[in-house]
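Structure first, then comments.
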Protein chains: 2
Amino acid sequence: MSPSLEFYDKVSEDLPIKPIAAKVNGVTGVAAIELQDIAKSDLVLKYFRAYIADLCQQFNGGHPGSAMGMAAIGVALYKYVMRFSPKNGDYFNRDRFVLSNGHACLWQYLFMHLVGVESMTTDQLKSYHSSRYDSICPGHPEIENEGVEVTTGPLGQGVANAVGLAIASKQLAATYNREGHEVVNNMTWCMIGDACLQEGVGLEAVSLAAHWKLNNLCIIYDNNNVTCDGTADVANCAEDMNAKMRATGWNVLDILDGHSNVSSIVHALLAARDSDKPTFINVRTIIGIGSGKAGTPATHGAALGLDDIVNIKKSFGLNPDEHYALPPEMYKFFEDVASRGKQLEGDWSSTLSAYEKAHPELAAEFKLRVAGRMPQDWTKFIPRKEEFPKEPTATRKSAGLVGNPLGENMKNFLVGTADLTPSCNVAYSKKVDFQNPELKTACGLDGNYSGRYLHYGIREHAMAAISNGLCAFNKGTFLPITSSFFMFYLYAAPAVRMGALQGLQQIHIATHDSIGTGEDGPTHQPIALAALYRAMPNVLYMRPCDSEEVAGAFEVAIKATETPSIISLSRQVLPQWNQSSREGFAKGAYTFVEEEQFDVTLISTGSEMVFAMQTREILKNEYNITARVVSFPVPRLFEQQSREYKQAVLKPKAGKPAVVIEAYAANGWERYADAAFSMRRFGKSLPSKDAYKYFGFEPQVMAPRIQELVDEVKRDGIEILRGDFRDLNGALGVGFEH
Amino acid sequence: MSPSLEFYDKVSEDLPIKPIAAKVNGVTGVAAIELQDIAKSDLVLKYFRAYIADLCQQFNGGHPGSAMGMAAIGVALYKYVMRFSPKNGDYFNRDRFVLSNGHACLWQYLFMHLVGVESMTTDQLKSYHSSRYDSICPGHPEIENEGVEVTTGPLGQGVANAVGLAIASKQLAATYNREGHEVVNNMTWCMIGDACLQEGVGLEAVSLAAHWKLNNLCIIYDNNNVTCDGTADVANCAEDMNAKMRATGWNVLDILDGHSNVSSIVHALLAARDSDKPTFINVRTIIGIGSGKAGTPATHGAALGLDDIVNIKKSFGLNPDEHYALPPEMYKFFEDVASRGKQLEGDWSSTLSAYEKAHPELAAEFKLRVAGRMPQDWTKFIPRKEEFPKEPTATRKSAGLVGNPLGENMKNFLVGTADLTPSCNVAYSKKVDFQNPELKTACGLDGNYSGRYLHYGIREHAMAAISNGLCAFNKGTFLPITSSFFMFYLYAAPAVRMGALQGLQQIHIATHDSIGTGEDGPTHQPIALAALYRAMPNVLYMRPCDSEEVAGAFEVAIKATETPSIISLSRQVLPQWNQSSREGFAKGAYTFVEEEQFDVTLISTGSEMVFAMQTREILKNEYNITARVVSFPVPRLFEQQSREYKQAVLKPKAGKPAVVIEAYAANGWERYADAAFSMRRFGKSLPSKDAYKYFGFEPQVMAPRIQELVDEVKRDGIEILRGDFRDLNGALGVGFEH
């Protein structure tokens, strides 16, 4: 079904496309468009495909097939439709492009070269799969490199990132655009392969895009029907993809000859830009077109082979003895893209100037946002310790006390939840829901696109992946906040990892974080998840023990401009500690209770601090044992401290044992402690207090165990514990010991 | 749209449903059905709902709303349609039921009581949310308890489990049923709420169910349109769920008055059982029906309140002063279910007897499968060490050498891949793909339902969750194998965790497991994932270093009948070691190279063993330092060994440092080592050898660092390393140190 372009009068002057007036049904309008230089596109496609084949042959590896198959789509996008500036990857109002099928990155790299992205030289192109450390052509596109909006690779992530980029654009436009002053109006284009909408995260994201009616988003589906295992049908033969996308709420267009018909693809892309809904363009292509193995998985992830490449070139009418051929006609074909880009930048500067004159205050704030700076001083919204409640308070509630004023006042905070608004306390007062204003009745929310509160539904993985896109729109423009139960940050983990890899700042509010969650039981009680996030590079996993430490967590998280943070919070009520301090928190670990003469150090975090402090009392009163206490909420930060500081906090040379008390697996604590009360098995459905007791977290039970340890060390020396870490509570549980 | 029942002649004698003959269009057939005792169902619904409300009030918590709303569905299922035996939860050919919206478990518990499941006494019902350790009414249903097929709770998991249960049934039926002898023909029913098909894993699973045309699967959607944040529309207003399910390949039926019309629900369930596709029944209900807060999130996850409950009872015409009222009429209504169940069991025994007579060998094998026993001796298929290639061999290839004969010969092995057949080497010769035989053309596979190879598509999460269902069908009947890149076992992690929690044995073949993966780059190179799985209870994460250790891994995995295993394998070629031994492997760690007098112990696993061994040589030849070497593939198993064994392997009292060499985060290794060459940042897109070199895994670079450590310890004593774990290579990377 070709796109409907009966009266296509919206073709813009800045694109190399000329509308051709025609009469349709007796009415004059635009019924067709003429593409500048289109006669040359055939040649371009041939040389493009041959070049890709050569690149993968060089080091006998790579992903040639999709890159070759998608060539015509690339010409349509890069030459005719996308509004961007090849010489300036930071042009704020540029169209965003995401290659969700990131393994096809050669396609993107070569187009970047052809349109004149400075750093993408032929030398660089040839570094693909090489041993060069400074290559900007890695196996999947990376955000650090010019022209790449987000790092992709794991399938489905890019689609969700694209949804985030589209939200960012809508939200900024609704916030800052004024009548006659469109400072933000870019489009987001996302390329996908067969896999991205098999993956759950992709499916979650497209539902949300339709829910939010993100008509500034277009997915282009490289439908070559080939996956590693064979045709896509070997795992997906019952689905009508187009009908499914329509039912999800997308506009759907079909291109049947997408391997060569640039013009029809351009039509579809233009229609997408003018759609009232997000658009899905299903483009039929042939993977590895030109190869003798075209249309088969053999062209997907391996070099094609010298003989095959000779045949490809011959069949294209190219010289088989020429390699990496990019004749002048190729560059000529694309040369207007860079100048058009400069023109776009100039026009935008003019728009900005007029905007500044007409709306000086708003424009000043907008420019802060463009520069990625906080729109105002955030520190004044963080309560001081004395302003917090004195009575015991769940740290998830404290997170609301700190987070809500921030959410309410900081225009760059985009706050969301995976359907746990009542539980996670992130809904700040006077929040406006991000929503298409026409959909009030349909969705029951009185929101609009300037809203900053996002209902992600029960879609934790998409929530985190979309947040990566929100963040990646422009560094520092948005600070996304997500929220859910900590256990479901395991669903979200691949996206949290992508955020860490790319240095995308976000704050993940993760509540109900342990067996303290209680009756919901073991499926909701994390055991190993903290170990994952403590081991993951560039993640600040933080587990505050009271309101003051929660304030510290927010401070750290907001200052960590290249790092996603997870603030791990209790469901249950916890004491407020005199000893807590945000300054100590910021060092990752600090002495909670110091003792000149001591027998043991107790280390704890979050919900379990109460057990450490109560055990300390019992040790003192009933066993005459002196315990100093360390709060250790962020090992990752502690590792950054000076050796002196670390030694002062842990005092390892004092020859006294250190015992960690935390209701998680002890993995990783052995760096700082000799023994642990930990969780070595899954949890249990019991009220919070009973759950802790069941697993041995009971001060009157813990104290004597510590006393035994202290006595043993006094008797045999601290070296007795070398290579003999003591697990002081509990059996291993199902599968090992019941 | 009511189900089409023009000529409903398939109603069976074993159900309390009588067909009523009628003429339609001049043809006589069954146009309606008469439900026994249906007049009493109203009363049943009222008392049911009041009881649920009382149960949540008792300890002021729980999830009453959905349980109340779904009551009529439960009557339809438990009284009229499901074929099962309340007195025997192990009846092999029982219909399987999954409550994917597991928080509504009170609904299931109460029906279990009413139909006579022995352990579900009223005493037990009242233990919901109590402090009783022996409660069988936890906050979400648990597999260990009678009548529960799978543990649910995290949304979306149950749907995927149900797909697995349906596959298991189809596969067994195709393998063992013969003309006139239907020994397996059960149905799988799965209840969902609004969330399960927002979650990606649920969406992945329903695509696969349609792809495999699992017409023995029926999803019943409790459509109350309420989630925690408000109506489901606050995050999902654009979707036409019915159209989406049809486009996915499902049969769709609608019930508009599902809160009370038991009869219409029964109709739909019967139609589902006779459908040619999986069926999705969209049942409109009212959450918390009867409550003053009915239809709102307030009834979802909290007690209703005493006043509200009084009003509920009054509006139902019940005595507001009576609590936990279950009058005799309730039990009478359901009493036939147990006797019908016994009859079913008896009939099945007869079927089995006739089957044994007609097909003695097949029946004997079938009975082994029912008993959960291996259909033959598997040990003979594991190659002996001398049978493995002598030349260097990637461990993913070795896994094929071990796994393929097993896959080929063991009828209980169900082998699958998330679209990585060529990379993971699990496709055994003569494999038959599991597929509906009518779909050969559509899916391009010459398979049938007796096939044991599953193409899951790019759906790692569903693959693992479906495998849980395959396993849960009956303990030991199937041993599912999954395969993908190790990095994508992060996508699968919530399902792997569920498998561990439930003690469901599977083997996850996880290849390309480190930076050795090379050019694909950091998005594909796991760093922290091993830490997650080593910290997770009841998971055997195993990282073999050569073919012999791979054999050891399979042996361990097959013997671990209550534990999922992950076998972590290299992409790249690795040496075959004389020193390797499967016996040593089975102890989790063992001495690879012993030295009477030694200066340092090197610990390594998998791909990095080669670095340990090469470094050992350099230390000896160039630094006159003697290193003993330990292979440490499975810390979880090592922890099970005797103290003596552990001390003999690690020799911690010898006062010599231990250095671990593994290209992962070091978290957890501090229990066994003093220093590490590890990964403290994300990876890089470089060829394998270059990647290792880039991050400091280069024997000539590592040896001098080890020498420095050895010298320091000799000089200052081993105690110098206490509380001072040494990270011997590399900076922390993006966000911390560049």
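To find a chain, count down the sequence lines: A is the first, B the second, and so on, and within it residues start at 1. What you see below is based on every heavy atom in this structure, not just the backbone, and it leaves out hydrogens, waters and symmetry mates.
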Residue [X] versus chain A: region with a heavy atom under 4.5 Å:
X: B:Y672; result: neither
X: B:E142; result: side chain
X: B:K651; result: neither
X: B:P526; result: backbone
X: B:R643; result: side chain
X: B:E719; result: backbone
X: B:T152; result: backbone
X: B:Y133; result: both
X: B:L208; result: side chain
X: B:H63; result: side chain
X: B:M245; result: neither
X: B:L445; result: side chain
X: B:N436; result: neither
X: B:K213; result: neither

Chain B contact via [X] - which portion, at a heavy-atom distance below 4.5 Å:
X: A:M498; result: side chain
X: A:T227; result: both
X: A:K277; result: neither

Which value, rounded to the nearest 0.5 Å, describes the distance between [X] atom [atom1] and [Y] atom [atom2]?
X: B:N667; Y: A:E670; atom1: CG; atom2: CD; result: 9.0 Å
X: B:L532; Y: A:Y533; atom1: CG; atom2: OH; result: 9.0 Å
X: B:T248; Y: A:E239; atom1: OG1; atom2: CD; result: 5.0 Å
X: A:D194; Y: B:D419; atom1: CG; atom2: CG; result: 9.0 Å

Assess the residue pair B:H524 and A:H140 against the criterion (ring-ring contact (aromatic ring centres under 6.0 Å, His included)); give the C-alpha distance rounded to whole Å, side-chain angles, the decisive distance to 0.1 Å, and a yes or no.
CA-CA 9 Å; B:H524 284 55; A:H140 295 89; 4.4 Å; yes

Pick whichever of [options] has the most heavy-atom pairs under 4.5 Å with chain A.
options: B:D233, B:T417, B:I458; answer: B:I458
options: B:P154, B:C137, B:A195; answer: B:P154
options: B:T231, B:N236, B:L155; answer: B:N236
options: B:I720, B:V201, B:L721, B:I718; answer: B:I718
options: B:A462, B:G655, B:G444, B:S130; answer: B:S130

Short question: side chain of [X], backbone of [Y] - any donor-acceptor pair under 3.5 Å?
X: B:S685; Y: A:G139; result: yes
X: A:H211; Y: B:V234; result: yes
X: B:T421; Y: A:D229; result: no

With a 4.0 Å cut-off, would you call A:D240 and B:R246 a salt bridge?
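The answer is no: the pair does not qualify as a salt bridge.
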
Between A:D727 and B:R671, does any side-chain N to carboxylate O distance fall below 4.0 Å?
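So A:D727 pairs with B:R671 through a salt bridge.
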
Side chain to side chain donor-acceptor pair (under 3.5 Å) partners of A:S423, counting only residues at least two apart
none

Can you name the residues that form a side chain to side chain donor-acceptor pair (under 3.5 Å) with A:R497, not counting sequence neighbours?
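A:R497 satisfies side chain to side chain donor-acceptor pair (under 3.5 Å) with no other residue.
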
Tightest non-hydrogen contact, residues B:A535 and A:A665, listed as O-CB, 3.5 Å

Under a 4.5 Å cut-off applied to non-hydrogen side-chain atoms, are [X] and [Y] in contact?
X: B:L203; Y: A:Q198; answer: no
X: A:M536; Y: B:F682; answer: yes
X: A:E519; Y: B:Y128; answer: no
X: A:R722; Y: B:L650; answer: no
X: B:P652; Y: A:D724; answer: no

